[in-house]
Amino acid sequence: MSDKKKKIALLTGGGDAPGLNAVIYTLTKTCILKYNYELIGYKSGYRGLYINDFMPLTLENTTGILHKGGSILYSSNKDNLFDYKVVENGVEVRKDVSDVAVDNLKKEGVDCLVILGGDGTLTSARDFSRKGVNVIGVPKTIDNDLMATDVTFGFNTAVNIVTEALGRLHTTAESHHRIIVVEVMGRNAGWIALHGGIAGSADIILIPEIPYKIENIVQKIKERDARGKLFTIIVVSEGAKELGGTVTVNKVVKDSPDPIRLGGIANKLTYQLEEIIGGEHEIRPVVLGHTQRGGETSPYDRILSARYGSYAAKMIHDEKYGNMVCLKHGEISYVPLEEVVGAQKLIDPETDELVKVARDLGVSFGDMPVYRKR
Ligand code: F6P
């Protein structure tokens, strides 16, 4: 057996999420102190792997980062090395440059590549695994839309931020008898809106999985007016849509593997509501945007990320390559990367417990009129 120290490489891909640094911190500490491995981190996601831009990860340069949002390795949601933009003879072309990445890993003597990412990043992780690279995935995204894990790190922090914002918006909405339409992230999944909306006592929650009708939203506002509740808080997921309608697109990021950036629904809904009840209420949109991904990581996400990081180190030791660490029924475990990608975890409106809880609370999803029995 060779007595060469195992060399582990890390990269963080996709949109950042609170908890990335906590995973980097725990994995680095565990790999060095428990297993005596050497670590490097590729910078800016897969781009760093392609151009061989990396830094050593040591106890010294990772100290004090557990609580910090963002990624000390930086991140990018544009660089799919299996379909990468390169310029050849002055012309932009897209090609598979993954062999360059594999060669770089070989050149550096990397034994295992740990990839922290969401759906897009882990799809490439799976593809590198198919090419024979020893890969371990760690599930990241504020959207919580990854299959095969109960929860991704970053989600809890985002929900906390939404909840705090709703608390603040309540007091100002109430003093001015206003309707405030709060747009939250989540792509095509309504997890942030549903959890944040319930925790923050929203009156109306609009999610992609339940198409809404404007008249049901108006009816709920009027029902509150009739009870003397002259303000209303609406949480709308960026991917929500009217029945028979389409999503609201903010921009198309051409180079990105997932080029559609959702956004703008809060403004749209505000205009629509103004047309109907603007005479009775002032209506204001608030877009929480990237505040949901920034700042400090919540205690829950710090602990979850530490658990993921510690277990990923054990997976390296046990050579459980081609898998992603996950949380199942409260237990840390792992699943094949093949089972993780290709499908989004969405809310099932018929069976999801929190949808039922919200309805019991009188929350409207805009899909049907809500009547209050006295
Ligand atoms: O996937 C995380 C996420 O924050 C989504 O909720 C949102 O739709 C998207 O990323 C925003 O991407 P960007 O940072 O490129 O604007």
Side-chain angles (χ1 to χ4, degrees), residues 11-21 23 44-47 69-71 73-80 85 115-125 137-147 149 151-163 165 182-197 205-209 235-241 246-268 285-295 297-298 301 305 324 340-347:
L11 70 80
T12 57
D16 69 339
L20 285 168
N21 281 330
V23 177
S44 303
Y46 288 113
R47 183 157 18 113
S71 168
L73 293 176
Y74 315 111
S75 197
S76 161
N77 55 7
K78 287 191 177 162
D79 304 303
N80 175 3
K85 189 177 79 185
I115 299 174
L116 285 57
D119 190 37
T121 306
L122 292 174
T123 301
S124 290
V138 186
K140 166 240 68 166
T141 167
I142 63 163
D143 304 336
N144 198 34
D145 61 351
L146 263 188
M147 297 298 280
T149 186
V151 62
T152 52
F153 70 80
F155 172 64
N156 177 267
T157 307
V159 169
N160 287 356
I161 292 163
V162 170
T163 306
V182 189
E183 180 175 314
V184 302
M185 283 184 165
R187 286 203 300 167
N188 304 313
W191 299 107
I192 296 176
L194 180 61
H195 286 241
I205 300 174
L206 305 175
I207 59 174
E209 295 88 342
V235 172
V236 60
S237 183
E238 62 182 1
K241 49 189 175 306
T246 52
V247 289
T248 311
V249 175
N250 177 26
K251 60 157 70 176
V252 177
V253 183
K254 273 203 201 128
D255 298 342
S256 181
D258 184 3
I260 303 296
R261 292 294 179 274
L262 298 170
I265 183 86
N267 279 307
K268 189 170 142 188
V286 172
V287 180
L288 294 183
H290 291 82
T291 54
Q292 292 161 95
R293 287 193 348 213
T297 306
S298 72
D301 274 334
S305 303
M324 182 191 81
V340 172
V341 294
Q344 264 188 309
K345 183 177 73 181
L346 300 177
I347 296 168

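Ligands are counted one by one from 1 in listed order, and the atoms in each one are counted from 1 as well.
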Check your understanding: What residues form a salt bridge (charged side-chain N to carboxylate O under 4.0 Å, His left out) with Lys85, not counting sequence neighbours?
Key ->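 Listed in chain order: Glu92, Asp255.
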**Study point:** Shortest non-hydrogen separation from Phe155 to His195 and the atoms involved
**Key:**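 Nearest pair, atom of Phe155 first, then His195: CZ-CG, 3.7 Å.
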Check your understanding: Of all heavy-atom pairs between Ile115 and Thr121, which one has the smallest distance, and what is that distance?
Key ->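 Scanning both residues completely, I find the closest heavy atoms to be CG2-CG2, 3.5 Å.
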Review point. What residues sit with at least one heavy atom under 4.0 Å from ligand 1?
Key: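 For ligand 1, the contacting residues are Asn77, Ile142, Asp143, Met185, Gly186, Arg187, Glu238, Arg261, His290, Arg293.
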Practice item. Check Ile347, Val151, Asp143 against Trp191 for a side-chain contact (heavy atoms from CB on, under 4.5 Å) and give me the one that passes. Key: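 So the option named by the test is Ile347.
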Point to revise | Partner set under side chain to side chain contact (heavy atoms under 4.5 Å, CB included) for Asn188, not counting sequence neighbours | key: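 Counting only residues at least two positions away or on another chain, Asn188 forms a side chain to side chain contact (heavy atoms under 4.5 Å, CB included) with Leu262, Gln344.
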Point to revise | Sequence-distant partners of Asn160, side chain to side chain contact (heavy atoms under 4.5 Å, CB included), two or more places apart | key: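 Partners of Asn160 by the side chain to side chain contact (heavy atoms under 4.5 Å, CB included) criterion, ordered by chain and then number, come out as Asn156, Ser298.
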